[in-house]
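Worksheet: the structure to be examined is printed underneath.
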Amino acid sequence: MERVPKVAVIGSANMDLVTQTPRMPKVGETLEARRFHTGFGGKGANQAVALSRLGADVMMVARIGDDMFGAEMKRNFEENGVDARFVEPVPGCSTGVAAISVDDEGNNCIMIVKGANGTLSPDDVAGAGESLKRSDMLLLQLEISLDTVYAAIDFGAKNGVPVFLNPAPGMPLKREYLRMVDFLAPNETELEIITGMPVASTGDVLAAARSLVNEGVPKVLVTLGAKGSLLVDSKEHLFVDPFPVKPVDTTGAGDAFIGAFIVEYLGSKDIKGAMKMANRYAALSTTREGTQKSFLHRAEFDTLLEERKA
Ligand code: RIB
């Protein structure tokens, strides 16, 4: 990596409340789960921490509650080397939380309560404007208000700062804004929600991603979980194979992918290389429990890859 890339994440921070269960309960069923643990999460915070652990210079713009989770959250950003100047508490508001169930196959179900995340406003984006302008990329997800996401996309476009949008959780989005982002990175479910097209087969996924490119989205990068990842733009499409692992918890793997992809892409501008690295980093995160807890630091990541090669 020649120059340390500067990334600004405008997004969410959640406290993850995780239940480890043999299987997902049915509607109306009471099930005894095996274990419970808490961890720092939120798609914005997770991606910021992955970026920082891999060597990027990261700034976070977020809102936390004025409760004990909020104070811990801010400390966590600082301990992970993320610039948290624009992470501010909101009086009378709770910190975002995520109730997560993880089954024995490593699958997860997540329910979030936005709390303070929902108060991050277009004015807050403008307030961080001078610092945002100095970034190499703005990184957004959808766990904050959509107006704020659109304002940030607009800010990036007007100030010549590339925008990377991870449209998670999935929801219908205005095409005029999608055309302004440099990368749109959904998973298959989010792609289905945005396009209204089926994603049952690889061919379906390719067609759905291509439909967005045909509508003017420059680059669509689809995370396919255990099937790897796919990039579609107006010139080509590129499938990159998965990195084989035995997963124990897939929560946050998409966030790990995005952090790793952006660090590598900003350093090398090599999309295929960045997808390969991101597939590996995300796969390795699934071999450990938790979200941020499962994200490797650069040195550990490089060592593990060397060991796998040997
Ligand atoms: O992507 C995983 C994240 O989704 C969790 O950390 C949880 O907080 C939700 O935002």
Side-chain angles (χ1 to χ4, degrees), residues 9-21 24 36-53 60-65 67 69-70 72-74 76-77 80 82 87 94-103 106-120 139-146 148-149 164-171 185-191 193 221-226 229 247-262 278 281-296:
V9 184
I10 303 167
S12 59
N14 292 335
M15 186 53 86
D16 288 350
L17 312 173
V18 186
T19 304
Q20 213 78 38
T21 175
M24 297 300 170
F36 173 80
H37 64 96
T38 60
F40 296 107
K43 296 181 196 302
N46 293 345
Q47 292 170 23
V49 166
L51 279 158
S52 182
R53 289 190 184 165
M60 183 82 199
V61 181
R63 289 296 173 267
I64 49 180
D67 48 18
F69 287 159
E72 282 182 46
M73 206 94 27
K74 182 136 180 164
N76 180 58
F77 281 124
N80 277 286
V82 174
V87 177
S94 62
T95 298
V97 289
I100 303 179
S101 304
V102 179
D103 72 14
N107 304 308
N108 65 68
C109 281
I110 306 181
M111 221 167 12
I112 62 161
V113 179
K114 270 195 185 135
N117 295 313
T119 71
L120 189 70
L139 171 57
L140 307 162
Q141 314 76 25
L142 301 180
E143 289 184 330
I144 56 174
S145 111
L146 208 44
T148 307
V149 171
F164 189 111
L165 174 61
N166 168 222
M171 58 188 79
N187 65 15
E188 290 153 286
T189 313
E190 292 145 8
L191 182 64
I193 294 170
L221 175 60
V222 189
T223 52
L224 302 167
S229 51
V248 298
D249 181 355
T250 57
T251 318
D255 301 328
F257 178 95
I258 286 166
F261 177 84
I262 291 175
Y281 190 73
L284 288 173
S285 81
T286 70
T287 63
R288 314 197 322 180
E289 260 184 19
T291 44
Q292 292 177 32
K293 283 179 200 164
S294 69
F295 297 171
L296 297 166

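Ligands are counted one by one from 1 in listed order, and the atoms in each one are counted from 1 as well.
- Scanning all protein heavy atoms for the shortest distance to atom 4 (O) of ligand 1 gives K43 NZ, 3.0 Å.
- With respect to Q292, the side-chain hydrogen bond (donor to acceptor under 3.5 Å, both in side chains) criterion is satisfied by exactly one of N80, N76, D255: N76.
- Looking at atom 3 (C) of ligand 1, its nearest protein heavy atom turns out to be N46 ND2, 3.6 Å.
- Every atom of ligand 1 is numbered from 1 in the order shown, and the set under 4.0 Å from a heavy atom of A98 is 7 (C), 8 (O).
- A 4.5 Å side-chain heavy-atom check between F69 and I64 finds every atom pair outside the cut-off.
- S285 places no side-chain N or O within 3.5 Å of a backbone atom of A256 that could act as its donor or acceptor partner.
- In summary, the atoms of ligand 1 found under 4.0 Å from a heavy atom of G41, numbered by their order in the structure, are 6 (O), 8 (O).
- With hydrogens left out, the protein atom closest to atom 6 (O) of ligand 1 is D16 OD2, 2.6 Å, a heavy atom.
- Side-chain atoms of T250 do not come within 3.5 Å of backbone N or O of T286 as any donor-acceptor pair.
- Atoms of ligand 1 found under 4.0 Å from any heavy atom of D255, numbered from 1 in the order shown, are 1 (O), 2 (C), 3 (C).
- Any N or O atom pair closer than 3.5 Å counts here, and E143 shares at least one such pair with ligand 1.
- Distances from ligand 1 to the non-hydrogen atoms of G42 include at least one value under 4.0 Å.
- Put simply, the side chain of R63 does not reach to within 4.5 Å of the side chain of I144, judged on heavy atoms.
- Counting only heavy atoms from C-beta outward, the side chains of N117 and E143 never approach each other to under 4.5 Å.
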